[in-house]
Amino acid sequence: MTQSSKEQPPPFERLTGTAVAIDQPNVDTDQIIPARFLALPRAEQVAHLFNDVRYREDGTPREGFPLNAPTAAGAQILIAERNFGCGSSREHAVSVLVDNGFRVFIAPSFGDIFHNNSFQNGALPIRLPAERIREMIDHLARRPDARITVDLEAQTVTGPDNWTQSFEIDSFRKQCLIEGTDDISLTLSYADAIAAHEQRAAAETDWL
Amino acid sequence: MAEAKAAQPATMFEKIWRRHVVVDRPDGYTLLYIDRHLIHDGSYNAFQRLAANGMKLRRPDRAYATPDHYMPTNTRDKSTIADPNHKRMVVGLTEHAAATGVTIFDIGDRRQGIVHVVGPEQGITLPGITLVCGDSHTSTHGALGCLAFGIGSSEVTHVLATQTLWQRKPKAMRVNIEGQLGFGITGKDVILAIIAHIGAAGGTGHVLEYAGSGIRQLSIEGRLTLCNMSIEGGGRAGMIAPDDKTYEFIAGRPYAPKGEAWDRALAFWRSLPSDDGASFDREVTLVGPEIAPMVTWGTSPEDAAPVTEAVPDPAAAPDAARRDGQARALAYMGLEPGTPIAEIPVDRVFIGSCTNSRIEDLRMAAAVAKGRKAQIPSWIVPGSGIIKEQAEAEGLDKIFTEAGFEWREAGCSMCVGMNGEIGRPGERIASTSNRNFVGRQGKGVRTHLVSPAMAAAAAVTGHFTDVRRMLPA
């Protein structure tokens, strides 16, 4: 596969798995993948997820960083504090998480561009109340192998203590994820409306 | 255009949004038309994807490209780019532009520069339009009264193919700066004060409109700086109502309307400002005269304080999460609680970026540098080739070089370091850029965000200094 092709993960349905918690607010996309790796082919970026906070100068893993815990292997869910994915618009921040196996991000809030980019890569960003996030992070600190279930159809997250919390998602995005719809094909079905808009705008703002 | 139902007062955002709706779906999603699209050398993958899917660019006449992120700022010779991946980005933009018919201001063209400096400079950015770019600082352009926001690479491909985007309508928030700003206070100080007040996620899901006498007072350059950092306050976009300063700034620029078209455009632009009584989902107000020169002390743009204050003590934080966050930030920054900000020594200075590399920024920095000597390595990176020429015509380059500053070529440079221009681990940099994130200017580098005047003051004194004492009255 070439680096230019978008690796669209399979349609999203229901997922049960382990989670990794990054217990920090305002995790920016520069931390998720530092700028110096962005020009690398996608296949070479995969090793650099959270590179500078995850590894020491000599490349050895830093103990204590959640992704370096043995229980982190195979995790598909990432839990974080408010404003996860803020900062730079780099879509690599989402694709490198997806390429490391993550399909669901759960936080009280997200950077708007990261939130949009998630859907473009078949990943599901879920906003949950801050207290619920706190509970999950504290639980994972005690039981790192706890399993969490995310049901997109039912719009629910079921936590390790068997609580179930519903979440909001735009029905448009939900449908695109479930069906694996590509935005561009959908948009091209509105080609006539786009052409009509262009004609109208050309008359009204002819200086553009 | 002139609809009868003018009764309901509307915000400027609402007026611009409404005019660009192609389709409103019942599920709350809108297909929004994009008037102008800016492209930089990080957009390589978006073009590749378009070609790989066998798609054509719908409106090459609405896209404008310029390389900024990956080009070194000590040369204008692309063949000298050492890293083959970087070179592929810069050369790739030239090739993609040629293949698709997109207008390019390439290396060697005096119009080349940072994409968010070039747009307004060329008159591509105009009131009332929708404008996007695959870069979060696209919020800059809203300073001229348009709706401009950053998008991801997949969305860039979407705009190339369809000239539209699927959007859920953001909410509207008004940020008022009431009362005149004090002597020496710039757009950078105002936006840092705003972000410190609302927080780095304070504007999430909202378009921010800046209003009030403190905003009207700002020059267009100051407004561009202000709107540029809307994203650092979480805002989807930032905007300021166009006024006579705006029209004066735009008049005569290459891609702006001329002659009779100008008159029609102007009449339309004057209808854009938010109506009296328009309602905003949120509103906050800051007192203009209270804003001081700002310096960030931590690793989020919300960690900002007046230069007259001290590094905060995490023990005094309102909750445990904030206490831990501040302690982590201070450990990374190598700072002790209670240290007066004006006593923090600085190792290096960077004046540039889409936030602060315009002619007014360089003039203010030069006013401080004039007749003094830089105590530490200090770079000046103009925002475009045209700004560089203008600064040289005004003799600013001489002032800088005589004061020991390094005068460089246009580009993003050390703001993001994608071109390899980064600091050393542990180095403390006074930077006029927009992000003080961990590792933003290089692994282990400690970034303090300041205005150009404050950066120049740090350069000539070797530590943060209240520039109000150094500026000519």
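Naming convention: chains lettered A, B, ... in sequence-line order (proteins, then strands); numbering from 1 in each chain.
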Undergrad: Using non-hydrogen atoms only, which part of Val416(B) is less than 4.5 Å away from chain A: side chain, backbone, both, or neither?
TA: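 Backbone plus side chain of Val416(B), per the 4.5 Å heavy-atom cut-off to chain A.
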Undergrad: Taking every heavy-atom pair that is under 4.5 Å apart, which of Gln167(B), Arg36(B), Lys258(B) has the most such pairs with chain A?
TA: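 Between Gln167(B), Arg36(B), Lys258(B), the count favours Arg36(B).
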Undergrad: Looking at Met55(B), Arg25(B), His137(B), Gln163(B), which has the largest count of heavy-atom pairs under 4.5 Å with chain A?
TA: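 Heavy-atom pair counts peak at Arg25(B).
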Undergrad: Which region of Thr157(B), side chain (C-beta onward) or backbone (N, CA, C, O), has a non-hydrogen atom less than 4.5 Å from a non-hydrogen atom of chain A, or is it both or neither?
TA: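 Both parts, backbone and side chain.
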Undergrad: So which of Gly444(B), Ala265(B), Ser153(B), Gly417(B) has the largest heavy-atom pair count under 4.5 angstrom toward chain A?
TA: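 That would be Ala265(B).
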Undergrad: Could you have a look at Ser171(A), Pro25(A), Ala35(A), Ser88(A) and say which one has the most heavy-atom pairs with chain B under 4.5 angstrom?
TA: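 Result: the option with the highest number of such pairs is Ser88(A).
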Undergrad: With a 4.5 angstrom heavy-atom cut-off, which part of Tyr70(B) approaches chain A: side chain, backbone, both or neither?
TA: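 Just the side chain, heavy atoms under 4.5 Å.
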Undergrad: Give the ring-plane orientation class for Phe50(A) versus Phe65(A), where under 30° counts as parallel, over 60° as perpendicular and anything between as tilted.
TA: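 If you compare the ring of Phe50(A) with that of Phe65(A), the planes turn out tilted.
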Undergrad: Based on non-hydrogen pairs under 4.5 Å, which of Gly234(B), Pro257(B), Pro425(B) is most in contact with chain A?
TA: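 Highest number of heavy-atom pairs under 4.5 Å: Pro257(B).
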Undergrad: Heavy-atom pairs under 4.5 Å with chain A: which of Ile231(B), Leu31(B), Val438(B) has the most?
TA: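 If we count pairs closer than 4.5 Å to chain A, Leu31(B) comes out on top.
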Undergrad: Relative to chain B, which segment of Glu57(A) carries a heavy atom at a distance below 4.5 Å: side chain, backbone, both, or neither?
TA: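 Both parts, backbone and side chain.
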Undergrad: Using non-hydrogen atoms and a 4.5 Å limit, figure out which bit of Leu126(B) sits close to chain A: side chain, backbone, both or neither.
TA: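 For Leu126(B), side-chain heavy atoms alone lie under 4.5 Å from chain A.
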Undergrad: Is Arg200(A) close to chain B through its backbone or its side chain, or both, or neither, when contacts mean heavy atoms under 4.5 Å?
TA: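 The answer is the side chain of Arg200(A).
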Undergrad: What are the two closest heavy atoms between Tyr29(B) and Asp27(B), and how far apart are they?
TA: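 Smallest interatomic distance, heavy atoms only, reads N-OD1, 3.1 Å.
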Undergrad: If we define contacts as heavy-atom pairs under 4.5 Å, which of Glu302(B), Glu232(B), His86(B), Arg168(B) has the most with chain A?
TA: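 Result: the option with the highest number of such pairs is Arg168(B).
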Undergrad: Checking heavy atoms, do the side chain of Arg236(B), its backbone, both or neither come under 4.5 Å from chain A?
TA: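 Both the backbone and the side chain of Arg236(B) come within 4.5 Å of chain A.
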Undergrad: Return yes when atom CZ of Arg134(A) has more than 12 non-hydrogen atoms of other residues, nucleotides or ligands closer than 6.0 Å, and no otherwise.
TA: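 Counting other residues, nucleotides and ligands, CZ of Arg134(A) exceeds 12 neighbours.
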Undergrad: Taking Arg127(A) for its side chain and Ser109(A) for its backbone only, find out whether a donor-acceptor pair lies under 3.5 Å.
TA: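 Checked: no pair found.
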Undergrad: Give the C-alpha distance, both sets of side-chain angles, the deciding distance and a yes or no for side chain to side chain contact (heavy atoms under 4.5 Å, CB included) between Ile106(A) and Gln165(A).
TA: CA-CA 12 Å; Ile106(A) 307 179; Gln165(A) 169 92 44; over 6 Å; no
Undergrad: Check whether any side-chain N or O of Gln120(A) sits under 3.5 Å from a backbone N or O of Ser154(B) as a donor-acceptor pair, and report yes or no.
TA: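 Here the side-chain-to-backbone pair does not exist.
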Undergrad: Which one, Asn117(A), Asp28(A), Thr29(A), Asn26(A), leads in non-hydrogen pairs under 4.5 Å with chain B?
TA: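 Winner by heavy-atom pair count: Asp28(A).
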Undergrad: Looking at Arg56(A), Glu63(A), Arg62(A), which one forms a side-chain hydrogen bond (donor to acceptor under 3.5 Å, both in side chains) with Thr60(A)?
TA: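 It is Arg56(A), the one option of Arg56(A), Glu63(A), Arg62(A) that forms the side-chain hydrogen bond (donor to acceptor under 3.5 Å, both in side chains) with Thr60(A).
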Undergrad: Under 6.0 Å from the ring centre and within 45 degrees of the ring axis: does the NZ or CZ of Arg173(A) meet both conditions for the six-membered ring of Trp166(B)?
TA: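 The answer is no, since Arg173(A) fails at least one limit relative to Trp166(B).
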Undergrad: What part of Asp183(A) gets closer than 4.5 Å to chain B, counting heavy atoms only: side chain, backbone, both or neither?
TA: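 Asp183(A) touches chain B through backbone and side-chain heavy atoms alike.
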Undergrad: Could you look at Phe110(A) and say if it's the side chain, the backbone, both or neither that has a heavy atom under 4.5 Å from chain B?
TA: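 Only the backbone of Phe110(A) comes within 4.5 Å of chain B.
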Undergrad: Which heavy atom of Val156(B) sits nearest a heavy atom of Gly134(B), and at what distance?
TA: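 Closest pair (atom of Val156(B), atom of Gly134(B), distance): CG2-CA, 3.6 Å.
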Undergrad: Parallel, tilted or perpendicular: which fits the ring planes of Phe268(B) and Trp207(A), with parallel below 30° and perpendicular above 60°?
TA: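 Ring orientation of Phe268(B) relative to Trp207(A): tilted.
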Undergrad: With a 4.5 angstrom heavy-atom cut-off, could you sort out which part of Arg328(B) is near chain A: side chain, backbone, both or neither?
TA: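 For Arg328(B), side-chain heavy atoms alone lie under 4.5 Å from chain A.
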Undergrad: Where does Ala130(A) contact chain B at under 4.5 Å (heavy atoms): side chain, backbone, both or neither?
TA: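 Interface part for Ala130(A): neither.
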Undergrad: By a 4.5 Å heavy-atom criterion (distance strictly below it), what part of Ile129(B) contacts chain A: side chain, backbone, both, or neither?
TA: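 Contact with chain A is through the side chain of Ile129(B) alone.
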Undergrad: When the ring planes of Phe84(A) and Phe114(A) are compared, do they come out parallel, tilted or perpendicular, using 30° and 60° as the limits?
TA: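 The arrangement is perpendicular - the two ring planes meet at more than 60°.
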Undergrad: Under the side chain to side chain contact (heavy atoms under 4.5 Å, CB included) rule, what do Ile22(A) and Ile79(A) come out as? Steps first, then yes or no, please.
TA: CA-CA 6 Å; Ile22(A) 309 273; Ile79(A) 300 169; over 6 Å; no
Undergrad: Quick one: does NZ or CZ of Arg88(B) land under 6.0 Å from the six-membered ring centre of Tyr44(B), within 45 degrees of the ring axis?
TA: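 Positive - Arg88(B) is close enough to the ring of Tyr44(B) and near enough to its axis.
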Undergrad: Give, as side chain, backbone, both or neither, the part of Thr164(B) having an atom under 4.5 angstrom from any heavy atom of chain A.
TA: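 It is the side chain, since no backbone atom gets that close.
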